[in-house]
Amino acid sequence: MARPPAFEKPVYVVRPLLPASDDYAALIREIWGRQWLTNKGPLQDQLELALSKYLRTPNLSLVSSGTTALMLAFRAFELSGEVITTPLTSPATINAITWCGLTPVFADIDPVSLTIDPVAVAQAMGPRTSAIVPVHIYGMPCKVDKLQEIADGRNLRLIYDGAQAFGVEIEGTSILNFGDVCILSFHATKLFNTAEGGAIAARDREIKQRIDALKALGYVDETTVALPGINGRMNELTAALGLANLGLVEAERSGRAKVADVYRSRLAGKPGLSIVNNPDGSNLQYFVIRIDNQACGISRDLFCDRLKEFNVFARRYFYPPCNEIPFYRNLPSSDPQNLKVATRVAREVVVLPHYGALGTVAAHRICDMIDYLLDA
Ligand SMILES: *Cc1c(COP(=O)(O)O)cnc(C)c1O
């Protein structure tokens, strides 16, 4: 087939959701009028309440990033020893574990959901295990019932990394309401963003109160420092962006759903190429495919390199898997023999451009390019 024309400008995997600058400026003028920049400001309170309603979760606490959210969650439960987690995640998950003085223990993933395999979790358990930290990777829900069962049986904390799972539900219940806590990231690359930011949803009111103290240097009132906290607050400029963006999320979700429909219909049934997204299409954070290096006639890495020639910058999230990062490679659980599924998946995944403003015409063009590459 004829070589399709390249895009004139680079097309990245996401484009950050941004409000009209006038809408943001109106909120910024409020901040100037009030002269209050951080420390539980009115806009952070307003956003906390609005997100709590939108995401249907009762005990939400806004923080400065997803990474901080993880660290605050670990400290809120005073975890020690080992925590069992997945290698197929952002280094943020594993780095946060390590920054809290905990040892990550990797368990393999399920070949379909790509989330941590409960059987592997049970096998990774040891006398020093204090928590399980599963990740709703690409917004795909973990096996929450099985994981809760394991956690309950051993009195372990269950701390979900839901950084990629904004707005995802499990049979009508917010994904944030499973486990002891679930964290979110509002980084610029996420479906809902505040440039930098994050949140923790806690099952218990008491845990939210601990987290609220921990994120404010441990202060619980004017003169009482009750806990060794850090600065994990969300400031007013950031909260303003969140408030302006929240009104745009529904439109962004439907825009992404249209793009995903094009990808799903055009890419289905191609030999060696499989679509990772769950069929109900709830994971609108990323559109993820797998390239079977043998069956496709082109390696995953070459596929990505050749897409760049068309100005399409697909990403290999998450390659390398975290167990192959140099400073984690020597952990006993990092042996690829122990992580066969994750080792393979990390060599096959490709995240395609997926955002509302991409539009269906561009999505079709990207599919033309993929047709061309797989044909050649
Ligand atoms: C983005 C992300 C994080 C980190 O969030 P930040 O807000 O960038 O600190 C953690 N875990 C996963 C799975 C992520 O995708």
Side-chain angles (χ1 to χ4, degrees), residues 12-17 44 47 51 55 60-75 83-100 102 104 106-107 109 113-116 131-142 158-168 175-176 178-179 181-201 211 215 230-235 238-239 241-242 245 276-277 283-288 315-323 325 328 342 345-346 349 351 354-355:
Y12 300 108
V13 284
V14 289
R15 182 189 291 181
L17 190 58
Q44 109 75 65
L47 180 62
L51 279 171
L55 298 169
L60 198 68
S61 188
L62 301 188
V63 297
S64 52
S65 73
T67 307
T68 314
L70 285 165
M71 287 167 38
L72 287 165
F74 302 149
R75 291 307 293 241
V83 306
I84 299 172
T85 190
T86 168
L88 192 73
T89 184
S90 160
T93 315
I94 315 305
N95 294 350
I97 290 170
T98 307
W99 271 62
C100 287
L102 303 163
F106 294 114
I109 57 172
S113 74
L114 308 190
T115 59
I116 203 164
I132 310 169
V133 181
V135 179
H136 301 301
I137 190 77
Y138 314 132
M140 301 201 292
C142 293
L158 185 50
I159 296 173
Y160 282 107
D161 181 339
Q164 303 182 1
F166 185 89
V168 173
I175 202 165
L176 300 177
F178 293 87
V181 302
C182 181
I183 72 99
L184 288 171
S185 163
F186 305 148
H187 184 256
T189 54
K190 303 303 202 281
L191 174 58
F192 168 80
N193 88 85
T194 61
E196 296 279 6
I200 307 164
I211 288 164
K215 76 177 182 187
I230 52 170
N231 174 6
R233 304 177 190 99
M234 179 179 283
N235 71 68
T238 294
L241 185 56
N245 268 340
V276 167
N277 292 54
N283 65 330
L284 294 164
Q285 170 62 52
Y286 289 124
F287 195 93
V288 190
R315 296 293 303 270
R316 293 168 285 178
Y317 295 144
F318 284 94
Y319 181 81
C322 290
N323 62 300
I325 293 174
Y328 297 128
V345 168
V349 280
V351 174
H354 190 207
Y355 48 91

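Every number for a ligand or one of its atoms is a count from 1 in the order of the listing. Only this structure's heavy atoms are used, side chains among them; waters, hydrogens and symmetry mates stay out.
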Is there a donor-acceptor contact under 3.5 Å from the side chain of Asp161 to the main chain of Leu70? no
Give a yes or no answer on whether the side chain of Thr85 reaches the backbone of Pro104 with a donor-acceptor pair at less than 3.5 Å. no
Partners of Thr238 by side-chain contact (heavy atoms from CB on, under 4.5 Å), sequence neighbours excluded? Thr194, Met234, Asn235
Once side-chain contact (heavy atoms from CB on, under 4.5 Å) is applied, do any residues pair with Val13, and if so which ones, sequence neighbours excluded? Arg315, Tyr317, Val351
Please output the residues near ligand 1 using a strict heavy-atom distance under 4.0 Å, listed in chain and residue-number order. Ser65, Gly66, Thr67, Thr89, Ser90, Ala92, Thr93, Val135, Asp161, Ala163, Gln164, Ser185, His187, Lys190, Gly197
Where Val135 and Thr89 come nearest, the two heavy atoms and their spacing: CG2-OG1, 3.6 Å
Contacts of type side-chain hydrogen bond (donor to acceptor under 3.5 Å, both in side chains), residue Arg316, not counting sequence neighbours: Asp301
